[in-house]
Amino acid sequence: MTDFKDTSKAGRESLLAGLNNEQKKAVLQDGGPMLILAGAGSGKTRVITHRIAHLVLERHVPPWRILAITFTNKAASEMKSRAAALIGNIDAMWIGTFHTMMLRILRQDCHRLGFAPGFSILDSDDQRRAVKDVLKDMGIDNTTIPLREITSRISFAKNEMVSPAELARTAHGNPYLGTIARVYENYVAYCKRHNGFDFDDILLYTLQLLREHEDLRARYQTRFLHILVDEYQDTNRVQYELVKLLAAHHRNLAVVGDDDQSIYRFRGADIRNILDFEGDNPDTTVIRLEQNYRSTKTILNAANAVIDKNESRKKKQLWTEGETGEPVTFYLASDHVGEAAFVANDIRKRLSSTADTEYAILYRASALTRNIEAALRERGISYAIFGGMRFYDRKEVKDVNAYIRLAVNPGDNLALTRIINVPKRGIGDQTIEALREVSADMNISMLEAARQASMHPQLSRAAGALARFVAIMDRLSALLHESDTSFALLVERVTKESGLAKQLEADMLTDLSARTRLENMNELISDALEFEKKYLGGEILAAWADDFKSPEEAAETIDDSLIAVATAYLEQTALFSDQDRAENRPDVNLMTIHSAKGLEFQNVYLVGAEERIFPSAQAEENDDLEEERRLCYVAMTRAKKRLTITAARSRLLYGRTQYNPPSRFLSDIPDELVNEVGGSKQAPPRQSDSGSQLFRTLSKLDSLRRKKADEQKRQAPEHNGIVWQTLKPGDSINHVRLGSGEILAITPTGDNAILRIRFAGGERRFLSGSGELSVE
DNA sequence: CATTGATCGATTTTT
DNA sequence: TCGATCAATG
């Protein structure tokens, strides 16, 4: 351990410098179970990294005996670089996501579960296609049960460790659920047959492996002297069991989280894991990090007031020594266009008049971005939408990777079906279906079936095309297994041999987007080159190092064959997003509240703060309001300096105009913390039952505004028609000729509005200004 | 076998 | 509204 930073007294003190008492306690705590309740902006990452540094530098824990688990790769790399800055070389330390860490264990001993080491990792798209295949095999019409319903139920079952048999039992004769259970069972077999793991499997099978094999269990249990888990409130049951098992021997388990920020129930997070941690471990040391270093007093108090309404939570009260700051701004626009304009104007004003550089617009659902984007574009404000498509999820990139996948794992029928006719080579659905049949009947892979095409009458028609495809795969596989060329070169050969590059070049003549796709493909080659450098240089090495060797020793045993590099590369593309690929800094960041978690901005705009949007309609139906409230808390606590919340009285969403009152969360914010600005010219919101002062103020302002609007109307030339502002969908209306009808939708167009009306004879649209309409 | 119109349906998302 | 997905046609 020669390359660690010096552990002089000065070094030691700097580890604790600037930490508050609670933070110090968390860093210095000996061991045993520890629950660190870290409020938003309380310096959580700092505490974790400093604790790791303390363990290594002061307590002389070898880095390879520390396991630190995060939820995202982004969080992991952040933690790694900050820990490395404090400690020095930490290559041997296991810092990473659950999936990355468990994959390490799985790779080494997957044969004990009946899997081969070159296994594929199925992404959600593969998963869907796998379920489709299973349905076809079972002769189930894939319209009876929605695909997403099946995949999500299977995923939930896996997260809860419910086996197909158990799921069938809990179906209690319900044929719908019974079918899903049978699909689940066949899907598991399907994955095994194809030597593939889906994301849930990576965790579930690792748990199974460790539970069933005492030697492996003992090996990892003794190895990890200290285990740290970040974002513990978002763990699911499998993750909970994994952590529990791995920590069972030394019991030095520090979990860090914030129950108030648990917002991933929909993907299996179980808030009980954090709420019951003390109960599960009676000797737990609980540390509360309640001092916030991010937001103003006002923002914090407003957020506290909102979250305080939740019943099931560990009470926590964030406080700050920071300034009081400006009140929270609330703006109620007349419609979605006005809302977007307000936000965009406000940002434009601040961009030119202040030195602020951080702006984020947050929303509950991504459908809300459209108007915002338009408003920003109109004003020439640059923006970026956070959390779009991953680089590795682009079609052209996935196609190339599918060729590599198939070369590495010839049993991967999903990869095969993806690219057997990409680019087009005359192998259609019929042929693919026939291949599937032959492969199932003969118990061989589809690639093997294609190889034997001439022996099977169903395949004779496409035999020529199939032979050409097999020849391509043979060349690639020969290159992979026999050649000592570089991996990047292999990737380039894939693009050439497959004809993908040629195809894109041809497409460029007619299709402008083909250029981008070609660029992406070339980018993939440089990406592969970069990865290869890292891999051979030992940076990825720790992932493959045998447990108890130093990185140097491990370097000698590492497999540097092309196939090993390819396997590692495929793993990276399956598991890593590319959110770190920083693009030019935009003026404004647009993102969902979910993806804003963990981030902070000087100026935050929370838009669409309306009932049925936030909280969402389905959250209300499912009685999931506490989670929505936590989401609101997360949104508010992203703001450092200024928080603006907006809502619209009418909003065109999913092709319908909705009229929703402002979000109930607004009424939880004490009035003195809010400044309501500007406004609309329409009817007041539906009176809230909360009787909050804010709503009364809103109504007062509103009646003033209405008076003004009425005056303006009187001065303006009188126009015919009806006062559409008082109407809402569902109201009845009369037409001179068509008689009585029901309003379906109202689309404002300035003074006027388009009314979609259902009459006895069908639907018609009218301008509200048309003199032919009258209210009943 | 590839292309085209109808139909459905729509929170949130990482790995 | 908009987009993806899917059955029917040339």
Side-chain angles (χ1 to χ4, degrees), chain A residues 69-76 96-103 121-129 132 141-143 146-149 152 155 158-159 197-204 231 234-236 238-239 262-269 336 362-371 386-390 392-393 421 423-433 461-462 465 571-579 591-598 608 612-622 624 627-628 630-632 634-635 651-658 745 747 756:
Chain A
I69 303 176
T70 62
F71 264 81
T72 64
N73 290 299
K74 198 177 165 199
T97 65
F98 269 104
H99 290 83
T100 312
M101 300 296 99
M102 297 308 118
L103 215 39
I121 298 166
L122 312 198
D123 64 17
S124 42
D125 189 49
D126 297 319
Q127 203 175 101
R128 278 169 48 87
R129 291 183 319 146
K132 258 191 201 170
D141 177 17
N142 67 357
T143 52
L147 213 56
R148 10 170 307 132
E149 166 100 10
S152 103
S155 179
K158 286 184 176 177
N159 287 163
F197 292 97
D198 67 23
F199 289 125
D200 301 318
D201 288 337
I202 293 172
L203 308 185
L204 198 57
E231 304 282 14
D234 287 330
T235 50
N236 61 36
V238 178
Q239 290 161 336
S262 171
I263 55 174
Y264 283 113
R265 187 166 119 147
F266 68 92
R267 65 177 202 213
H336 53 287
L362 309 183
Y363 35 83
R364 176 66 239 265
S366 28
L368 297 178
T369 52
R370 279 234 160 70
N371 329 300
F386 195 87
M389 185 176 271
R390 295 186 335 150
Y392 297 123
D393 279 341
N421 199 30
K424 302 237 171 349
R425 33 176 96 86
I427 301 173
D429 291 347
Q430 294 296 317
T431 308
I432 294 175
E433 206 38 50
R461 194 139 63 102
E571 182 174 314
Q572 144 133 340
T573 60
L575 255 39
F576 281 67
S577 70
D578 55 336
Q579 282 179 356
M591 64 188 85
T592 62
I593 301 169
H594 281 93
S595 37
K597 193 166 129 206
R612 309 191 68 76
I613 290 175
F614 192 26
S616 74
Q618 36 278 313
E620 186 161 24
E621 275 166 32
N622 305 331
D624 225 0
E627 177 126 336
E628 295 288 299
R630 290 192 288 269
L631 205 46
C632 185
V634 168
R651 177 183 300 281
L652 185 64
L653 195 64
Y654 304 131
R656 300 251 145 175
T657 302
Q658 306 186 357
T747 314
R756 197 149 62 82

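Fair warning: this is a prediction, and the values are worked out from it, not measured in the lab. Here is the naming used below: chain letters follow the sequence lines, and residue numbers restart at 1 for every chain. As a basis for the values below, the full set of heavy atoms in this structure was taken, side chains included, without hydrogen atoms, waters or symmetry mates.
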Rounded to whole angstrom units, what separation is found between the [atom1] atom of [X] and the [atom2] atom of [N]?
{"X": "A:Leu368", "N": "B:dA10", "atom1": "CG", "atom2": "C1'", "result": "12 Å"}
{"X": "A:Tyr392", "N": "B:dT13", "atom1": "OH", "atom2": "C1'", "result": "19 Å"}
{"X": "A:Leu362", "N": "B:dT11", "atom1": "CG", "atom2": "P", "result": "19 Å"}
{"X": "A:Leu575", "N": "B:dT15", "atom1": "CG", "atom2": "C1'", "result": "6 Å"}
{"X": "A:Glu231", "N": "B:dT13", "atom1": "CD", "atom2": "P", "result": "15 Å"}
{"X": "A:Glu621", "N": "B:dT11", "atom1": "CD", "atom2": "C1'", "result": "12 Å"}
{"X": "A:Leu631", "N": "B:dT12", "atom1": "CG", "atom2": "P", "result": "11 Å"}
{"X": "A:Ile121", "N": "B:dT15", "atom1": "CD1", "atom2": "C1'", "result": "9 Å"}

Does [X] put a side-chain nitrogen or oxygen below 4.0 Å from OP1 or OP2 of [N]?
{"X": "A:Tyr363", "N": "B:dT12", "answer": "no"}
{"X": "A:Arg364", "N": "B:dT13", "answer": "no"}
{"X": "A:Thr592", "N": "B:dT11", "answer": "no"}
{"X": "A:Lys132", "N": "C:dC6", "answer": "yes"}
{"X": "A:Ser595", "N": "B:dT13", "answer": "yes"}
{"X": "A:Thr431", "N": "B:dC1", "answer": "yes"}

I want to verify a distance call: between [options], whose nearest atom is closest to the [X] side chain?
{"X": "A:Lys424", "options": "B:dT3, B:dT11, C:dC2", "answer": "B:dT3"}
{"X": "A:Asn622", "options": "C:dC2, B:dT15, B:dT11", "answer": "B:dT11"}
{"X": "A:His99", "options": "B:dT15, B:dA10, C:dG3", "answer": "B:dT15"}
{"X": "A:Ala619", "options": "B:dT11, B:dT13, B:dT12", "answer": "B:dT11"}
{"X": "A:Thr97", "options": "B:dT11, C:dG3, B:dT15", "answer": "B:dT15"}

Have a look at A:Gln430 and say if it touches a base, only the backbone sugar-phosphate, or nothing, with a 4.0 Å heavy-atom cut-off. sugar-phosphate
Over all strands shown, is A:Phe71 touching base, sugar-phosphate only, or nothing at heavy-atom distances under 4.0 angstrom? sugar-phosphate
Using heavy atoms to find the nearest nucleotide of DNA chain B for A:Gln618 and A:Asn421 separately, return the residue whose nucleotide is more 5′. A:Asn421
Atom [atom1] of residue position [X] - does it have more than 12 heavy atoms of other residues, nucleotides or ligands inside 6.0 Å?
{"X": "A:Arg425", "atom1": "CZ", "result": "yes"}
{"X": "A:Glu433", "atom1": "CD", "result": "yes"}
{"X": "A:Arg612", "atom1": "CZ", "result": "no"}

Measure the shortest side-chain to side-chain distance between A:Val238 and A:Lys158 over non-hydrogen atoms and say whether it is less than 4.5 angstrom. no
With a cut-off of under 6.0 Å to the ring centre and 45° to the axis, is A:Arg267 in cation-pi contact with A:Tyr264? yes
Between A:His99 and A:Phe199, what is the ring plane arrangement, given parallel below 30°, perpendicular above 60°, and tilted in between? perpendicular
Per-pair stack call A:Phe266 and B:dT12, 5.5 Å, 30°: yes
Between B:dT12 and C:dT5, how far is it from one P atom to the other, in whole Å? 16 Å
